[in-house]
Amino acid sequence: MMKNRRTPDSPIPVAIPKSLGARWAWKFSCAARGVFAGMRGQNSFCVHIPAAFIACGIAAWLEITQADWLALALCITLVFTAELLNSAIEHLARAVAREQHPEIRDALDIASGAVLAAAIGASVVGVMVLMSHVSGV
């Protein structure tokens, strides 16, 4: 049995599975759709994804430790998460108002600043981790 729930973009009720397993599968499919929707049209992912692959490739070549892999994975995840949250705020801002608004501009700039902070932090950690294996420190 499925419950019906309206979504903001659809006046037609969406069937939500009632069983626990089907509900979790539905939640994961919604989350996956969100990841793709967040990445679509965002040029920043064209920088973040190759940078992550390059960092992982160099890390594999240098045979870094498990702890260093964990640090890199956490940093990559943090940057992608910040970018997705930034995309969510951008989508929400476009839904609320199309015209210029100083508070919306500030919210968008703050979200972009969070991505920048995450990317700089991840870059510092990445360079420190990778350079420690190059220099043998």
Side-chain angles (χ1 to χ4, degrees):
M1 183 68 86
M2 299 184 124
K3 291 190 259 178
N4 287 329
R5 186 176 108 197
R6 293 184 189 274
T7 61
D9 60 341
S10 172
I12 301 169
V14 174
I16 300 175
K18 204 165 197 180
S19 75
L20 182 62
R23 209 167 40 246
W24 274 101
W26 180 75
K27 287 179 181 187
F28 276 102
S29 71
C30 289
R33 192 193 79 70
V35 168
F36 289 112
M39 291 174 69
R40 191 175 330 123
Q42 297 296 322
N43 295 333
S44 299
F45 280 102
C46 295
V47 173
H48 296 309
I49 291 172
F53 276 107
I54 290 168
C56 289
I58 293 171
W61 178 63
L62 293 173
E63 298 177 353
I64 67 172
T65 65
Q66 183 180 15
D68 288 341
W69 272 113
L70 290 172
L72 286 180
L74 183 61
C75 287
I76 290 168
T77 302
L78 176 68
V79 171
F80 285 172
T81 301
E83 191 63 62
L84 286 169
L85 289 170
N86 182 45
S87 296
I89 293 169
E90 288 174 0
H91 282 265
L92 185 60
R94 279 194 295 272
V96 170
R98 294 281 182 185
E99 65 278 351
Q100 293 288 330
H101 189 283
E103 294 295 327
I104 292 175
R105 183 201 61 222
D106 289 348
L108 293 170
D109 289 349
I110 291 165
S112 293
V115 174
L116 179 62
I120 290 171
S123 298
V124 169
V125 171
V127 167
M128 290 175 70
V129 164
L130 297 176
M131 290 306 292
S132 70
H133 289 276
V134 169
S135 63
V137 175

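What's counted below: heavy atoms across the whole structure, side chains too, no hydrogens, waters or symmetry copies.
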Share the residues that join Leu20 in a hydrophobic cluster, the rule being Ile, Leu, Val, Met, Phe, Trp or Tyr side chains under 4.5 Å apart at the heavy-atom level. Trp24, Phe28

Closest non-hydrogen atom pair, His91 against Ala37: NE2-O, 3.7 Å

Between the CD1 atom in Ile104 and the CD1 atom in Ile89, the distance rounded to the nearest 0.5 Å is 12.0 Å

Using every non-hydrogen atom in the two residues, find where Leu130 and Ile64 come nearest and quote the distance to one decimal. CD2-CG2, 4.3 Å

Path from Phe45 to Phe53 over hydrophobic side-chain contacts below 4.5 Å: yes

Identify the heavy atoms of Phe80 and His48 that sit nearest to each other, and give their distance. CE2-CB, 3.5 Å

Can you tell me how far OG of Ser132 sits from CG of Asp68, rounded to the nearest 0.5 angstrom? 5.5 Å

Connected via hydrophobic side-chain network under 4.5 Å: Leu78 and Ile76: no

Answer yes if Leu84 and Phe36 sit in the same cluster of Ile, Leu, Val, Met, Phe, Trp and Tyr residues linked by side chain heavy atoms under 4.5 Å apart, and no otherwise. no

Could you list the donor-acceptor pairs under 3.5 angstrom formed between side-chain atoms of residues 110-129 and any protein atom two or more places apart in sequence or on another chain?
from: Ser112; atom 1: OG; to: Leu108; atom 2: O; distance (Å): 3.1
from: Ser123; atom 1: OG; to: Ala119; atom 2: O; distance (Å): 2.8

Tell me, with the steps shown, if Ile49 and Met39 meet side-chain contact (heavy atoms from CB on, under 4.5 Å). CA-CA 11 Å; Ile49 291 172; Met39 291 174 69; 3.3 Å; yes

For side-chain contact (heavy atoms from CB on, under 4.5 Å), just list the numbers for Ile58 and Ile54, CA-CA rounded to whole Å, side-chain angles, deciding distance to a tenth of an Å, and then say yes or no. CA-CA 6 Å; Ile58 293 171; Ile54 290 168; 3.8 Å; yes

Evaluate the side-chain contact (heavy atoms from CB on, under 4.5 Å) criterion for residues Thr65 and Leu70: first the C-alpha distance (whole Å), next the side-chain angles of each, then the deciding distance (0.1 Å), finally the verdict. CA-CA 9 Å; Thr65 65; Leu70 290 172; over 6 Å; no

